[in-house]
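As the structure is a computational prediction, the values presented were derived from the model and not from experiment.
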Amino acid sequence: MRSVLVLNGPNLGRLGSREPDVYGAHSFDDLVALCEETGRGLGLSVEVRQTDDEAEMVGWIHGAADGKTPVVLNPAAFTHYSYALRDAISQRTAPLIEVHISNPYAREEFRHTSVVAAVASGTIAGFGFQSYVLALRAIAEGGS
């Protein structure tokens, strides 16, 4: 089975209680279960992680690059300002798909800029948890 990392940035561990009108009522544990189940159905071994720490996220991206491991990444707030994360992603050696639960372009102006999009393989946003499912499908089907 091909290994895939699903990495989540700040505050996503609080899904279900954090702004349910934006992010829905499902919990982070629900997201983990969905990603793992989707991965199994696609022949992928999925490991889901979450951190509020930028340095830890950068380390995970470095490890994925070293291991040629595909990544589904919801950078959360790091999306808009983390040049350290952008530089780490630019070293990727396998597909990396940026995902967002909500559509950043339908939200506050400061959310309209992604500093990581230009170095990701692609971006999927605005489909709730299905954004992750679509990203995993793209990886399974050979997305670059």
Side-chain angles (χ1 to χ4, degrees), residues 1-16 18-20 22-54 56-108 110-144:
M1 282 183 126
R2 185 175 191 193
S3 293
V4 177
L5 287 176
V6 176
L7 305 179
N8 295 276
N11 298 309
L12 289 170
R14 299 187 53 80
L15 288 171
R18 176 189 180 209
E19 298 179 83
V22 174
Y23 299 103
H26 295 288
S27 70
F28 183 74
D29 289 340
D30 294 333
L31 176 64
V32 171
L34 174 65
C35 290
E36 289 174 348
E37 178 183 327
T38 299
R40 278 191 300 276
L42 295 169
L44 302 172
S45 173
V46 174
E47 180 181 350
V48 183
R49 301 177 186 172
Q50 188 276 326
T51 186
D52 296 324
D53 184 304
E54 186 177 21
E56 185 170 40
M57 180 68 78
V58 168
W60 290 344
I61 295 294
H62 288 165
D66 292 345
K68 297 179 175 45
T69 304
V71 174
V72 173
L73 171 67
N74 186 337
F78 298 148
T79 304
H80 315 295
Y81 68 87
S82 180
Y83 294 104
L85 183 58
R86 184 217 182 275
D87 289 348
I89 294 167
S90 72
Q91 300 170 51
R92 67 181 177 83
T93 57
L96 183 142
I97 301 175
E98 175 188 10
V99 299
H100 298 282
I101 295 168
S102 67
N103 178 355
Y105 297 99
R107 299 187 61 199
E108 302 92 342
F110 74 89
R111 297 186 195 276
H112 296 186
T113 299
S114 170
V115 299
V116 303
V119 292
S121 303
T123 301
I124 300 170
F127 297 100
F129 283 10
Q130 287 301 303
S131 294
Y132 292 83
V133 172
L134 293 168
L136 288 167
R137 285 182 56 198
I139 288 171
E141 294 171 9
S144 63

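Taking all atoms of both residues into account, the shortest heavy-atom contact from P75 to V99 is CD-O, 4.0 Å. Here the closest non-hydrogen pair linking R92 and V119 is NE-O, 3.0 Å. When all heavy atoms are compared, the tightest approach of A84 to E54 is CB-OE2, 4.0 Å. Considering all non-hydrogen atoms of both residues, F78 and D53 come closest at CZ-C, 3.9 Å. Nearest heavy-atom pair, K68 versus A94, reported as atom, atom and distance to 0.1 Å: O-CB, 3.5 Å.
Note that the CG atom of L136 and the OG atom of S131 stand 11.0 Å from one another [nearest 0.5 Å]. Interatomic distance, T69 OG1 to I139 CD1, rounded to the nearest 0.5 Å: 10.5 Å. The CG atom of L42 sits 11.0 Å away from atom CZ of R40, with the distance rounded to the nearest 0.5 Å. Atoms CG and CZ, on L44 and R137 in that order, are 12.0 Å from each other to the nearest 0.5 Å. For the atom pair OG1 of T123 and CG of L73, the computed distance is 9.5 Å after rounding to the nearest 0.5 Å. In this structure, OG1 in T79 is found 6.5 Å from CG in N74, a value given to the nearest 0.5 Å.
At least one side-chain heavy atom of L85 sits under 4.5 Å from a side-chain heavy atom of I61. The shortest distance between side-chain heavy atoms of I101 and Y132 falls below 4.5 Å. In this structure, the side chains of R2 and P70 come closer than 4.5 Å at one or more pairs of heavy atoms. Taking 4.5 Å as the limit, every side-chain heavy atom of V6 sits out of range of all side-chain heavy atoms of E47. Looking only at side-chain heavy atoms (C-beta outward), V71 and V4 stay at 4.5 Å or farther from each other. Counting heavy atoms from C-beta outward, F127 and L134 have side chains that approach closer than 4.5 Å.
Between the side chain of N8 and the backbone N or O of V48, no donor-acceptor pair lies under 3.5 Å. Under a 3.5 Å cut-off, the side chain of S121 and the backbone N or O of I97 do not form any donor-acceptor pair. A donor-acceptor pair is defined here as one N or O able to donate and one able to accept, closer than 3.5 Å; such a pair exists between the side chain of Q91 and the backbone of D87. Distance alone, capped at 3.5 Å, is enough to place a donor-acceptor pair between the D30 side chain and the S27 backbone.
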message: Before you tell me yes or no, could you show the steps for V72 and L5 under side chain to side chain contact (heavy atoms under 4.5 Å, CB included), namely the whole-Å CA-CA distance, both residues' side-chain angles and the distance that decides it to 0.1 Å?
response: CA-CA 6 Å; V72 173; L5 287 176; over 6 Å; no
- prompt: side chain to side chain contact (heavy atoms under 4.5 Å, CB included) between V115 and Y83: does it pass, once the steps are laid out?
  reply: CA-CA 7 Å; V115 299; Y83 294 104; 3.7 Å; yes
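Few gaps surround CZ on F28; more than 12 heavy atoms of other groups in view lie less than 6.0 Å from it.
Under the 3.5 Å distance criterion, with hydrogens and angles disregarded, a donor-acceptor pair is assigned to the side chains of E98 and S114.
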